[in-house]
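Here is the structure we will look at, set down as structure tokens.
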Amino acid sequence: MNYKIVEEKDKVILEGVADFELSHIFECGQCFRWNREVDGSYTLVAHKKILNVAKEKDQIIFNNTNIEDFYGIWKTYFDLGQDYGAIKKSLCKNDPVMERAIEKGYGIRILKQDEWETLISFIISSNRGIPLIKKSIEELSEKYGRLIGTYKGRGHYAFPEPEALLNRTIEEIRLCRTGYRAKYILDAAAIVGERQMNIYNIHNLDTDMARKELLRISGVGPKVADCILLFSMGKFDAFPIDVWVKRVMEYFYLQEDMPLKVIQDYGQKRFGEYAGFAQQYLFYYARELGIGK
DNA sequence: TTCCAGGAACGAG
DNA sequence: CTCGTTCCTGGA
């Protein structure tokens, strides 16, 4: 919360930011448009901009940007107004499992991503692992997104606008290795692109109403809806349950073979308004431990 | 060659 | 409502 901002040419440096670790932020399953560079920094494309982020000691260095974009985009994107210390303290109360989970993923932050991009990304994510999801999104962007610039010798493309996908065929979309999800992508592009639904207004609804609205879209089920709510709409009480979260919840809090609904109700009740943060720490912890492998 | 991981749709009960 | 099956891709 209390950090110092230093402006330099093409970069913004933050000093003294707590609870911020790049590998935790990008490798906890919330975001797919990043690449880890050989120097350990991360280059990402978000909100039509290319950003490189590095961490050195207690400095976070935003490269290829400026102070206007820091205030206009990245401060919100990285959830820098949120007091993660307070959230952690609340989640750890009477919960040794969460304490250990947070020890592993102490630097996680929930990114505020674009709603449309998050919708399509998580439709693509269903029934697949992270490397494949990244590849499909990258190919969709290269084919149908605008070239926004080059960085470190590589061209980077914005995520395609709904209108850019609107008149494509299922076969074209399938070339981006989306499989049977191609139809869902086109349906979603029609719903959003033709303004049958204003996805940028959904965050004004309460979490349950917003979820109901998202579930109208074909290819969006409970898990994908909760990912969109949490990773693009600031609904921090959403609790997306994928296989990893299912396993870690059953292992530490419940027992094997629990129906999803039971885990959902338990998580919502136990973690309350911070369920989304709990989900992120648990997801990261489950993968670190390799539970169920 | 076969097997497996991973969410939602869909039909049956 | 819950349950079981099917849909794809790529890596082991």
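The figures that follow rest on heavy atoms only: side chains count, while hydrogens, waters and symmetry mates do not. Keep in mind it's a predicted model, so treat the numbers as computed, not measured.
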- Query: Just by protein heavy atoms under 4.0 Å, how would nucleotides 8-13 of chain B read 5' to 3' in B, S and -?
  - Reply: SS----

- Task: Please state whether the phosphate of dA5(B), meaning OP1 or OP2, lies under 4.0 angstrom from any side-chain nitrogen or oxygen of W244(A).
- Result: no

Give every residue pair that meets the side chain to side chain donor-acceptor pair (under 3.5 Å) criterion with at least one member in [range], sequence neighbours excluded.
range	result
residues 6-15 of chain A	E15(A)-Q59(A)
residues 109-125 of chain A	D114(A)-Y200(A)
residues 209-219 of chain A	D208(A)-R211(A), R211(A)-D226(A), E213(A)-R216(A)
residues 68-81 of chain A	K49(A)-D69(A), T65(A)-W74(A), D79(A)-Q82(A), D79(A)-Y84(A)

Solution key, residues 275-292 of chain A side-chain donor-acceptor pairs under 3.5 Å, sequence neighbours excluded:
| unit_1 | atom_1 | unit_2 | atom_2 | d |
| --- | --- | --- | --- | --- |
| Q279(A) | NE2 | P240(A) | O | 3.0 |
| Y285(A) | OH | R100(A) | NH1 | 3.3 |

- Co-members of the apolar cluster containing L147(A) [side chain, <4.5 Å]: Y157(A)

- Item | Hydrophobic cluster partners of V6(A) (side-chain heavy atoms under 4.5 Å) | I13(A), I61(A)

- Message: Below 4.0 angstrom, which residues in residues 250-265 of chain A have at least one non-hydrogen atom near DNA chain C?
- Response: K261(A)

- Item | Partner set under salt bridge (charged side-chain N to carboxylate O under 4.0 Å, His left out) for K246(A), not counting sequence neighbours | E250(A)

Report all interatomic pairs (protein N or O, nucleotide N or O of nucleotides 10-12 of chain C) with separations under 3.5 Å.
| unit_1 | atom_1 | unit_2 | atom_2 | d |
| --- | --- | --- | --- | --- |
| dG10(C) | OP1 | R177(A) | NH1 | 2.4 |

- End-to-end bend of the helix from dT2(B)-dA12(C) to dG13(B)-dC1(C) (five-pair axes, 10° rounding)? 40°

- Query: With under 30° as parallel and over 60° as perpendicular, where do the rings of F239(A) and F271(A) fit, or are they tilted in between?
  - Reply: tilted

